[in-house]
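Read the structure below first, then the notes.
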Amino acid sequence: MTGGILSSVFYRILATIPVIGFVALFVFLLLRLTPGDPALLIGGDMATGEDLERIRASLGLDRPIWSQFLLWSERVMAGDLGRSVFSGEQVTTLIAQRLEPTIALALTVVVFSVMTAVPLGVAAAWYAGSIIDRLLSVFAVLAFSVPVFLIGYFLIYEFSVKTELFPVHGYRALSEGIGPFLHHLVLPAVSLGLVYVALLARMTRSTMLEVLDQDYIRTARAKGLSGARVLFVHALRNAGGPIITTIGVGLTLLLGGVVVTESVFAIPGLGRLVVDSMLQRDYPVIQGTILFFSVLYLMINLAIDIGYVLLDPRIRK
């Protein structure tokens, strides 16, 4: 059994290697094949010919495209994502400096969403057709319909401008204390997490309804087991696979939502770095952050796949 699990995990890890290669190629070509001269976009209208040549040389644009890709791939595999055209800092250093706020926001959203959505979904399934179920459906429609940035501005107006309960923008590191850390993350986490709560709650409800209709659940009820034991020990455990998948898919959706949320609340994370580098047309930073997000996306999906293998013995074959 252990050998089968290790074999399945090994093949899934092995399968990600060519995918990462295709992702790297796509990220490289994304900027190299876009219309216009990157050197001219970076240098601006006032740049001289010498300035443009210097920028092309720093980006490797004076080489054939296949040579550029090989050189860039070698640097990436060595952990070198290049240097920012404007600040001169290593892209890896810029990413490392902005990583903590993004991870803190994402983990806060996940914890808030899971602790809120799973009980809501379980309750909606257990009381299917009741007012609880209908209210969840209304909430899900509203959460999917309203853009994240609009939710963010509404929360800022209500809880920062009018009542001054939470700060309008900014971030405090965990080293400054758990109180200031959470105080600055409440509004961003809620604005970004509402859509995630709606997605996870609806999936939990649908999966639980399917499981609650199975014969072994009816047998457990016939044996006189308590409703809580049937619900949480038998039903929720067997519904765990799709719920875990939804949690993972929601994590990948957070990568896009982080960009908007960090801009609205002025959080100095990776999302804000992407926006700033795009406004400055800092190609090495754009390329490095996109590659980082892409690899992170693949790692999350790999973790979901491995989680399925551990939960469902049928998938190991």
Side-chain angles (χ1 to χ4, degrees), residues 27 30 81 84 86-87 89-114 116 143-144 146-161 165-200 247-297 299-300:
V27 171
L30 185 65
L81 297 177
S84 168
F86 292 92
S87 67
E89 290 190 71
Q90 289 280 351
V91 175
T92 51
T93 302
L94 293 174
I95 291 175
Q97 291 172 348
R98 304 291 191 100
L99 193 58
E100 181 191 337
T102 299
I103 290 179
L105 176 59
L107 290 180
T108 305
V109 170
V110 170
V111 172
F112 159 70
S113 302
V114 172
T116 305
F144 283 125
V146 182
V148 172
F149 73 89
L150 192 60
I151 297 174
Y153 285 130
F154 172 77
L155 293 177
I156 289 174
Y157 178 73
E158 288 292 331
F159 298 101
S160 297
V161 177
L165 290 176
F166 298 99
V168 177
H169 58 77
Y171 170 77
R172 292 292 183 271
L174 186 58
S175 58
E176 299 181 33
I178 187 68
F181 171 77
L182 292 176
H183 194 220
H184 282 75
L185 283 179
V186 169
L187 294 187
V190 171
S191 63
L192 182 57
L194 286 181
V195 177
Y196 194 19
V197 169
L199 173 67
L200 185 56
I247 293 173
V249 172
L251 278 173
T252 60
L253 294 176
L254 289 180
L255 300 181
V258 157
V259 176
V260 178
T261 306
E262 289 183 354
S263 299
V264 171
F265 291 92
I267 298 174
L270 288 176
R272 188 73 183 272
L273 178 63
V274 171
V275 174
D276 293 342
S277 60
M278 285 183 173
L279 292 175
Q280 294 177 328
R281 297 181 177 90
D282 198 338
Y283 279 73
V285 179
I286 297 172
Q287 207 168 39
T289 50
I290 291 176
L291 182 63
F292 177 81
F293 276 124
S294 301
V295 172
L296 184 60
Y297 183 93
M299 293 300 102
I300 291 173

[X] side, atom [atom1]; [Y] side, atom [atom2] - distance, nearest 0.5 Å:
| X | Y | atom1 | atom2 | answer |
| --- | --- | --- | --- | --- |
| L270 | I103 | CG | CD1 | 8.0 Å |
| I286 | L273 | CD1 | CG | 9.5 Å |
| Q97 | T92 | CD | OG1 | 9.5 Å |

Specify the closest pair of heavy atoms between P101 and G269, including all atoms of both residues, with the distance to one decimal.
->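 Closest approach of P101 to G269, heavy atoms only: CB-CA, 4.1 Å.
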How far apart are the C-alpha atoms of V109 and T261, what are their side-chain angles, what is the distance that settles it, and do they pass the side-chain contact (heavy atoms from CB on, under 4.5 Å) test?
-> CA-CA 12 Å; V109 170; T261 306; over 6 Å; no
For S84, side chain to side chain contact (heavy atoms under 4.5 Å, CB included) partners two or more places apart = F86, S87, L94, D282, V285
Between S113 (side chain) and V110 (backbone), is there a donor-acceptor pair under 3.5 Å?
-> no
T102: side-chain hydrogen bond (donor to acceptor under 3.5 Å, both in side chains) partners, not counting sequence neighbours = E262
Taking only residues two or more places apart in sequence, or in another chain, which ones meet T108 in a side-chain hydrogen bond (donor to acceptor under 3.5 Å, both in side chains)?
->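 By the side-chain hydrogen bond (donor to acceptor under 3.5 Å, both in side chains) rule, T108 matches no residue at all.
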Output a table of donor-acceptor pairs, distance under 3.5 Å, between side-chain atoms of residues 173-198 and any protein atom two or more places apart or on a different chain; print 'none' if there are none.
from: H183; atom 1: NE2; to: L165; atom 2: O; distance (Å): 2.7
from: H184; atom 1: ND1; to: P180; atom 2: O; distance (Å): 3.0
from: S191; atom 1: OG; to: L187; atom 2: O; distance (Å): 3.1
from: S191; atom 1: OG; to: P188; atom 2: O; distance (Å): 3.0
from: Y196; atom 1: OH; to: I247; atom 2: O; distance (Å): 2.6

Under 3.5 Å donor-acceptor pairs involving side-chain atoms of residues 150-158, not counting sequence neighbours:
none

Could you name each residue pair satisfying salt bridge (Lys or Arg N to Asp or Glu O under 4.0 Å) that touches residues 267-276, not counting sequence neighbours?
->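 Of all non-adjacent pairs touching residues 267-276, those that pass salt bridge (Lys or Arg N to Asp or Glu O under 4.0 Å) are R272-D276.
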What's the verdict on side-chain contact (heavy atoms from CB on, under 4.5 Å) for V274 and F293, showing C-alpha distance, side-chain angles and the deciding distance?
-> CA-CA 10 Å; V274 171; F293 276 124; 3.8 Å; yes
